[in-house]
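These notes are about the structure you will find just below.
These values consider heavy atoms only, across backbone and side chains, with no hydrogens, waters or symmetry-generated copies.
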Amino acid sequence: MGLDTKPLSTLHEKASYDVADFEVPTGREEEWRFTPLRRLRGLHKGTAEEGGKVVTEAEAAPEVTVETVGRDDPRVGTSYVPADRVSAQAWNSFTEATVVTVPKEAVASAPTVLRRRGEDGSGAAYGHTTVLVEPFAEATVVLTHRGPATYADNVEFVVGDGARLSVISLQDWADGAVHVSHQHARLGRDARFVSHNISLGGDVVRISPSVAYDGPGGDAELYGVYFVDGGQHLEHRLLVDHTVPHCRSRVDYRGALQDQDAHAVWIGDVIIRAEAEGTDTYELNRNLVLTDGTRVDSVPNLEILTGEVAGAGHASASGRLDDEHLFYLQARGITFDDARRMVVRGFLGQLVDRIEVAEVRDKVREAIEEELDVRAGER
């Protein structure tokens, strides 16, 4: 498959299945300038050692089918064309794909869970997942990632007309894991898509969610929570491409950072094309810096090519714990550590509470508490 010559935007200029259509990144490119390329173990060059192993265990709702198929299955790769070299490498390197199908008008009675577990991180592994939600169906899909791994994958979410899909993606890799992933959602007329990306573990994790619309009335909500420890690099790069009229999008990502060389990156790109009149969009990123020695890069972008919009805005804020908040709590007999914990809980909890699967919601809460316990124990 060759190059798609139509540029996505001034920030996303290429789309192709062919690795050769993308130059090896050097770190000077806009889409790679925040990523520590030397820590990707060759995934960006195509020189990563082979032999890594990531296995998938599926637990499907009764109404949903989960299949393992070959790369020649016609349902695979129909809605997403890779937009960078690692994504194209993942497309050309996977041998089996996971296909999740929610039949027309079916309402799933339970979440469908795909558990990804790295068993060998010494070499690279590649994957592909396609989730098909047929018209007027409703489902929740949970993706979990654990263990040691060097892993690159593409995930497609195809949400049919009038359908509803909620996705929870939990990156809770072992220390030292590297994960580069593209998650692309394509929405039909009046379709609704809600995603939660939670990044906690791993050495370098770079997740790139994107949304495209095929008909008016599409509604996308993208939420994210991340907690970055010393030496970790957690990166989220979002693209919402409004190409049809009267669609909506909301983005809200929040993170906390602590200890030396913790690095969080959030890039939010929203494009409103000339034909996308009546678009309603807003994106927000907030970061809470808990200690010295951390780094935050937060870049919201809006490309508006029509003056006929219902609403468009963005905001970004990064800062330390508010001394007045801590003083207020301590003045009422609450210790510093408990006051700090309460502020972080409240800051991240507004998004954690939105996670509809109790098992994942509780896991995230426990992980945040463990992070705060470790820091409190050092005082």
Just by distance, do the side chain of [X] and the backbone of [Y] share a donor-acceptor pair under 3.5 Å?
| X | Y | value |
| --- | --- | --- |
| Gln232 | Gly202 | yes |
| Thr306 | Arg273 | no |
| Glu134 | Ala106 | no |
| Asn92 | Tyr17 | yes |

Would you mind listing every side chain to side chain donor-acceptor pair (under 3.5 Å) that reaches into residues 278-290, with sequence neighbours excluded? Tyr226-Asn285, Tyr226-Asn287, Ser249-Thr281, Arg250-Asp280, Asn285-Asn287, Asn285-Ser298, Asn287-Ser318
Can you list every side chain to side chain donor-acceptor pair (under 3.5 Å) pair that touches residues 70-81, not counting sequence neighbours? Glu67-Arg75, Asp73-Arg75, Ser79-Glu156, Tyr80-Ser87
When you group the ILVMFWY residues by side-chain heavy-atom contacts below 4.5 Å and let the links chain together, are [Y] and [X] in the same group?
| X | Y | answer |
| --- | --- | --- |
| Val86 | Phe34 | no |
| Leu200 | Leu288 | yes |
| Val344 | Leu351 | yes |
| Ile267 | Ile198 | no |

Would Asp297 and Arg33 satisfy salt bridge (charged side-chain N to carboxylate O under 4.0 Å, His left out), going step by step from the backbone distance to the final call? CA-CA 11 Å; Asp297 291 293; Arg33 65 187 179 102; over 6 Å; no
Does the side chain of [X] reach to within under 4.5 Å of the side chain of [Y], using non-hydrogen atoms?
| X | Y | answer |
| --- | --- | --- |
| His145 | Leu143 | yes |
| Val270 | His242 | yes |
| Arg354 | Val194 | no |
| Glu29 | Asp84 | no |
| Val265 | Thr35 | no |
| Asp153 | Arg116 | yes |
| Arg192 | Glu138 | no |
| Glu49 | Ser122 | no |

Determine whether more than 12 heavy atoms belonging to other residues, nucleotides or ligands lie under 6.0 Å from atom CD of Glu119. yes
Hey, is CG on Asp362 packed in by over 12 heavy atoms from elsewhere, all under 6.0 Å? yes
Going through the distances and angles, do Val244 and Glu275 end up as a side-chain contact (heavy atoms from CB on, under 4.5 Å)? CA-CA 6 Å; Val244 296; Glu275 59 270 28; over 6 Å; no
When you check the gap from the basic side-chain N to the acidic O, do [X] and [Y] get nearer than 4.0 Å?
| X | Y | result |
| --- | --- | --- |
| Arg39 | Asp203 | yes |
| Glu235 | Arg206 | yes |
| Lys104 | Asp161 | no |

Set out, in order, the CA-CA distance, both residues' side-chain angles and the distance that settles side-chain contact (heavy atoms from CB on, under 4.5 Å) for Thr56 and Glu96, then state yes or no. CA-CA 11 Å; Thr56 299; Glu96 293 182 332; over 6 Å; no
Any chance you could lay out the salt bridge (charged side-chain N to carboxylate O under 4.0 Å, His left out) test for Arg117 and Glu57, step after step, and finish with the verdict? CA-CA 8 Å; Arg117 186 180 72 255; Glu57 298 175 353; 2.8 Å; yes
Please walk me through it: do Arg345 and Asp353 pass salt bridge (charged side-chain N to carboxylate O under 4.0 Å, His left out)? CA-CA 11 Å; Arg345 279 180 188 157; Asp353 290 346; over 6 Å; no
Does the plane of the ring in Trp266 sit parallel, tilted or perpendicular to the ring in Tyr253? Use 30° and 60° as the thresholds. tilted
Give the C-alpha distance, both sets of side-chain angles, the deciding distance and a yes or no for side-chain contact (heavy atoms from CB on, under 4.5 Å) between Leu37 and Trp32. CA-CA 8 Å; Leu37 297 177; Trp32 291 104; 3.6 Å; yes
Just distance, no hydrogens or angles: give the donor-acceptor pairs under 3.5 Å from side chains in residues 208-218, sequence neighbours left out.
unit_1, atom_1, unit_2, atom_2, d
Ser210, OG, His184, ND1, 2.7
Tyr213, OH, Arg248, O, 2.9
Asp214, OD1, Arg186, NH1, 2.7

